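Computed from a predicted model, the values in this text were never measured in an experiment. These numbers come from the heavy atoms of this one structure, side chains and all, not from hydrogens, waters or symmetry mates.
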Amino acid sequence: MLVVLLSWIYISILCTLAGIGILSFAKNIRYSWIHYIVAGIVAITVYVEFFSIFAKIGCFAHIILLTGALSIGYLKRQEIRTLWSKYSPVLCSWEGFFYICFIIFIAFFTSRGEFHTDTNIYHAAAIRLYEEYGLIKGAGNLQLHYAYNSSYLAFASIFSLNWLFGRSLHTTTGFMEIIMCLYAFRGLKDFKRHEDHVADMMKVGILFYALVNTTRIMSPATDYAAMFVVLFVIAEWCDNLHEKENETIFALLSLAAVYVTTIKFSACLLVLIAIYPAVCLIKKKKWKEIAGYVLCGCVILIPFLVRNYFISGWLLYPFDGIDIFQAEWKVPRQYMLVDANQIKVWGRCLYDVEKTDWPLSKWFPIWWSHQARYERMFLGGTALAAVLQFVIVLKRIIKKQELRLHMAVLHLAVWGNLILWFFMAPFIRYGLAFLFAVIMIAAGEYLNEKKSGFYSILTGGFVFCIFVSVSPYWDQYITDAGVFVKHSLTDPYYILQKDYDVCEMDSYEINGNTVYYSVEGEVNSYHVYPATCYGWMLERSTLIGDDIKDGFMAK
């Protein structure tokens, strides 16, 4: 726990400094602490992705990052003093005491527990590849999961600090959780004084999502990071919508949506929110600002696409609709299609790629039957929230109230992602932030409405049914957290964090180079490198040259 807490202090300092440096280019708005930290997370991630194209993420990469952050700290020392004077009094209040207790509580979970399944399959091993090589051309031929190329693993790798401690820290997801929860707590503090509660309810959604992931928060899981950023973007969008009406924030949130795309490409349609700031800027003919935001979006996206090319030979893996490269390390189309189909059928609980083309009427009943009771009720609550939202909008149309473009664009992005999620890979955890968004936005809109007569009874009935439907979901994870605490109190992780799991690995020689593979099934290891879950993938692959750095290609 102690090392986790120290790690978070260090990460927060570097992210804040990086964010101050980045946001200094947009000077027409006063930013809060969360804006600086999120901007810093994006900036550091992009830096690591660019750096990894040329070299490994080790001591030298970290020294450059630290030097840059300290330089910003010196140049922007006045802004830092102002920021410190604004927030430091909170530390000496009961509010600050609550925050400190909460941080310690989350540090307990971040120091021990179980790893996310995918962490033992490829997250940890992919971080090790960042640390040892930066990238390996054709790494997708070694294990297809490496070709997913989530940018969040770049962020996790720079703060792994294996080169310094001789073991990897995996504290970044816990860091994401505490900053998002502190943002939510801080925003909900004046709930009663707020005239609009949509942003408030989205912040409640952040807290509920944190509850869902608490027992596995030590995993550098790409799902968790993506969903936290999605919830933040939507919450801040709603906050800006009703409180500030500032197009700069809308544009910056659109850039954050581009960043989400590089973490988890299945959340890519969140970028549809960019329609609104684009319309505003075009109306005002702010061509320089438009060019600047487009350039920033490209800077965020380009290293992700370049890494895709080197790792898999495809621009977007596992999507074969854009086939423009013929690199010798390219993952063969037939392998990629099998992988894409496996994602789809596993999400539908079919577990057989031969069933990929089954129609909705055939696979939906099977998928539904595999959901736990509390998950079915949660999905039912989401459906009820969608109907409630429709009723609210219908009432506004009948009363000829103004329909807001910024809110319409947000709904378009949320529902676009939900439709994509449902038809591509409907694991609930893949779309959980968007499911929460439907419920919380509807609840916030209900709280905003002036209600009377039958309309009051109708909408109140919907809210009651939604509350009943989602209650088993919260109860499930509250119980899990309580049981976890009970069984983990005696674990010896109050100083050091639990290390990555160790699994039995065997080795295979390719052109005199040792490559490791698992003998325990679908698990991988952080502790040896390069490694794969699947020995049979080694049999169908070979090295491009005489060294691992030359990359892998299919035989």
For this session: Heavy atoms only: give me the nearest A69-L14 pair and the separation to one decimal.
Result: CB-CG, 4.2 Å
Problem set entry | Neighbour count above 12 (heavy atom, 6.0 Å) for R77 CZ | yes
Problem set entry | Whether over 12 other heavy atoms sit under 6.0 Å from F97 CZ | no
Problem set entry | Within 45° cone and under 6.0 Å: R167 NZ/CZ vs F165 ring | no
Problem set entry | Electrostatic pair D118-R429, nearest N-O below 4.0 angstrom | yes
Exercise. Under 3.5 Å, is there a donor-acceptor pair between the side chain of Q497 and the main chain of V3?
Worked result: no
Exercise. How long is the span from the CD1 atom in I37 to the CD1 atom in I20, to the nearest 0.5 Å?
Worked result: 9.5 Å
For this session: For the pair F115 and H170, evaluate ring pair (Phe, Tyr, Trp, His ring centres under 6.0 Å) and give the outcome as yes or no after the intermediate values.
Result: CA-CA 11 Å; F115 286 100; H170 34 94; 5.2 Å; yes
For this session: For S488 and Y493, run side chain to side chain donor-acceptor pair (under 3.5 Å): C-alpha distance rounded to whole Å, both residues' side-chain angles, the deciding distance at 0.1 Å, then the answer.
Result: CA-CA 9 Å; S488 303; Y493 302 116; over 6 Å; no
Output a table of donor-acceptor pairs, distance under 3.5 Å, between side-chain atoms of residues 470-481 and any protein atom two or more places apart or on a different chain; print 'none' if there are none.
unit_1 : atom_1 : unit_2 : atom_2 : d
S471   : OG     : F467   : O      : 2.6
T479   : OG1    : D475   : O      : 2.8

For this session: Would you check if the side chain of R216 reaches a backbone N or O of N213 as a donor-acceptor pair within less than 3.5 Å?
Result: no
Exercise. Are the side chain of W415 and the backbone N or O of F434 linked by a donor-acceptor pair below 3.5 Å?
Worked result: no
For this session: For N149 and F304, indicate whether the former's side chain and the latter's backbone hold a donor-acceptor pair under 3.5 Å.
Result: yes
Exercise. Is there a side-chain contact between L83 and Y31, using heavy atoms and a 4.5 Å cut-off?
Worked result: no
Exercise. Judged by atom type as modelled, is there a donor-acceptor pair below 3.5 Å linking the side chain of T173 to the main-chain atoms of S219?
Worked result: yes
Exercise. Just checking, any donor-acceptor pair under 3.5 angstrom between side chains of Y293 and S254?
Worked result: no
For this session: Would you please indicate yes or no on a ring centroid separation below 6.0 angstrom for F462 and Y446?
Result: no
For this session: Find out whether Y130 and S160 are in side-chain contact, i.e. whether some heavy atom of one side chain is under 4.5 Å from a heavy atom of the other.
Result: no
For this session: Report, as yes or no, whether the 6.0 Å neighbourhood of atom CD on E114 holds more than 12 heavy atoms from other residues, nucleotides or ligands.
Result: no
Problem set entry | Point-to-point distance, once rounded to the nearest 0.5 Å, from CD1 of I11 to OG1 of T171 | 3.5 Å
Exercise. With under 30° as parallel and over 60° as perpendicular, where do the rings of F159 and Y10 fit, or are they tilted in between?
Worked result: perpendicular
Problem set entry | Y36 side-chain N/O to G21 backbone N/O, donor-acceptor pair under 3.5 Å | no
For this session: Spell out, as yes or no, whether a donor-acceptor pair under 3.5 Å connects the side chain of T16 to the backbone of S12.
Result: yes
Exercise. In terms of the angle between their ring planes, are Y148 and H145 parallel, tilted or perpendicular, with boundaries placed at 30° and 60°?
Worked result: perpendicular
For this session: Taking the side chain as every heavy atom from C-beta outward, state whether D223 and H116 have any atom pair closer than 4.5 Å.
Result: yes
Exercise. According to the interplanar angle, ranging from 0 to 90°, do the rings of F102 and F105 count as parallel (below 30°), tilted (30 to 60°) or perpendicular (above 60°)?
Worked result: tilted
Exercise. Does a side-chain heavy-atom distance below 4.5 Å link Y500 with I127?
Worked result: yes
Exercise. Side chains of Y526 and E131: does their closest heavy-atom pair fall under 4.5 Å?
Worked result: yes
Exercise. So, the side chain of H411 versus the backbone of A408: is there a donor-acceptor pair under 3.5 Å, distance only?
Worked result: no
Exercise. Do the rings of Y47 and F51 sit parallel, tilted or perpendicular, given the 30° and 60° boundaries?
Worked result: tilted
Problem set entry | Donor-acceptor under 3.5 Å (S150 side chain, I263 main chain) | yes
For this session: Give a yes or no on whether the backbone of F108 and the side-chain of R112 come within a donor-acceptor separation of less than 3.5 Å.
Result: yes
